[in-house]
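Step one of this worksheet: look at the structure below.
Counting from 1, the numbers follow the sequence of the chain as shown. Just so it is clear, the values below take in all heavy atoms, side chains as well, and ignore hydrogens, waters and symmetry mates.
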Amino acid sequence: VLDIRRDVYQSSAAREKQIVESRDKAKKELEELHKVSITQKIYDYLLGATTRKGCEKDRYVLYVLYILIERYKKKYGEENEYIRIYKGSKQKNKITPATIDGWIGTKITSKALDRLEKNEYIRREYLQKYDKIYLCSIPKKTEEDKEVFVSESVNPLLDLWEFNDDRKVKTCEICNKKFLVVGNMKTCSLPCSKILEKRNKNNKE
């Protein structure tokens, strides 16, 4: 009996170690990102962009472009007021239209970029491997502008949706990362779900 209890204890300790490691990994991932402050003026501009009927999600693409450009500027200097959107879908560690589609949850980015360019919200430089995307007429931040939220997630839309309740966002019970809730999900991924399932089973025992 003592041997069985010792095995259970060790198994539980191993799971708790997994949880700590998951949280440390998620924390490190967030620390490597540059946080972007969203003011009321910027929010109203991005989410109030004029779109064609049925294409309201173009505003999500515009918002994502703003966040990516601000992160790029913080990393490489304020003079770099653009973001590279790479062509093709299999570009490791590169931002592609498919990357943004995955964040939004629907395949619209390529056509959204065309519409945003046509409406002069963005300007594009077409290069062989990627397009350089610049934003047009973005309001300048001032000290008087009120910050309404901060974008700090890999998928910047999670922070937006958490703020305006466009979609349901929760914090993972295992790694503490934000995730888009589908159904009664309690974790952000299958690995975290398995850890939670084992932990709950152990607690019942």
Side-chain angles (χ1 to χ4, degrees), residues 26 29-30 32-52 54-76 78 80-127 129-141 147-170 177-182 188:
E29 187 178 59
L30 292 179
E32 290 175 352
L33 283 176
H34 292 279
K35 296 181 180 180
V36 178
S37 171
I38 300 295
T39 65
Q40 188 66 56
K41 187 186 294 183
I42 294 293
Y43 176 85
D44 291 341
Y45 174 80
L46 297 174
L47 276 295
T50 302
T51 62
R52 199 169 69 190
C55 300
E56 291 80 7
K57 290 179 181 178
D58 289 2
R59 295 166 184 158
Y60 289 159
V61 177
L62 185 62
Y63 164 80
V64 168
L65 292 174
Y66 175 78
I67 298 299
L68 294 178
I69 289 173
E70 288 299 303
R71 288 177 180 172
Y72 195 77
K73 285 163 60 178
K74 288 175 180 289
K75 188 173 183 178
Y76 297 107
E78 289 295 319
N80 295 292
E81 297 184 334
Y82 63 87
I83 187 65
R84 295 174 179 176
I85 303 295
Y86 284 79
K87 299 174 182 179
S89 57
K90 296 181 179 179
Q91 298 280 353
K92 190 175 181 180
N93 299 323
K94 305 289 186 184
I95 300 294
T96 67
T99 305
I100 302 175
D101 286 341
W103 289 341
I104 297 173
T106 185
K107 193 175 180 180
I108 66 163
T109 303
S110 292
K111 291 184 177 180
L113 291 173
D114 293 336
R115 291 189 288 264
L116 290 170
E117 183 178 31
K118 183 178 180 180
N119 292 330
E120 299 183 348
Y121 284 105
I122 67 171
R123 177 172 63 86
R124 274 196 283 191
E125 287 184 16
Y126 296 86
L127 302 173
K129 294 183 179 181
Y130 57 83
D131 293 342
K132 278 187 178 182
I133 308 290
Y134 300 81
L135 297 186
C136 305
S137 306
I138 290 292
K140 297 294 183 182
K141 289 183 180 180
E147 179 184 279
V148 290
F149 71 95
V150 174
S151 178
E152 57 184 6
S153 303
V154 175
N155 175 359
L157 285 165
L158 294 176
D159 305 303
L160 173 67
W161 292 331
E162 183 180 47
F163 169 72
N164 63 13
D165 293 325
D166 273 4
R167 297 190 189 179
K168 191 175 181 180
V169 175
K170 281 187 177 181
K177 285 170 61 175
K178 294 178 186 177
F179 69 98
L180 182 63
V181 178
V182 178
C188 67

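- In this view, W103 satisfies the ring pair (Phe, Tyr, Trp, His ring centres under 6.0 Å) rule with no residue, not counting sequence neighbours.
- F163 pairs by the ring pair (Phe, Tyr, Trp, His ring centres under 6.0 Å) definition with Y43, F149, not counting sequence neighbours.
- At least one donor-acceptor pair under 3.5 Å links the side chain of D159 to the backbone N or O of E152.
- Within the structure, salt bridge (charged side-chain N to carboxylate O under 4.0 Å, His left out) contacts touching residues 92-108 (residues at least two apart or in different chains) do not occur.
- Residues meeting the ring pair (Phe, Tyr, Trp, His ring centres under 6.0 Å) test with Y76, sequence neighbours left out: Y72.
- Using modelled atom types, no side-chain atom of Y130 and backbone atom of I95 make a donor-acceptor pair closer than 3.5 Å.
- Every side-chain hydrogen bond (donor to acceptor under 3.5 Å, both in side chains) that Y60 has, sequence neighbours left out, goes to W161, D166.
- Legend: residues meeting ring pair (Phe, Tyr, Trp, His ring centres under 6.0 Å) with Y66, ordered by chain and number and at least two apart, are absent.
- By the side chain to side chain contact (heavy atoms under 4.5 Å, CB included) test, T106 is found to be paired with K57, I104, I108, residues two or more places apart in sequence or in another chain being considered.
- For K75, the side chain to side chain contact (heavy atoms under 4.5 Å, CB included) criterion is met by H34, not counting sequence neighbours.
- In this structure, the side-chain hydrogen bond (donor to acceptor under 3.5 Å, both in side chains) partners of S37, at least two apart in sequence or on a different chain, are E147.
- Partners of E81 according to the side chain to side chain contact (heavy atoms under 4.5 Å, CB included) rule, which considers only residues two or more places apart in sequence or in another chain, are K73.
- With sequence neighbours excluded, the residues forming a side chain to side chain contact (heavy atoms under 4.5 Å, CB included) with K111 are R115, listed by chain and number.
- Looking at residues two or more places apart in sequence or on another chain, you find no side-chain hydrogen bond (donor to acceptor under 3.5 Å, both in side chains) involving T39.
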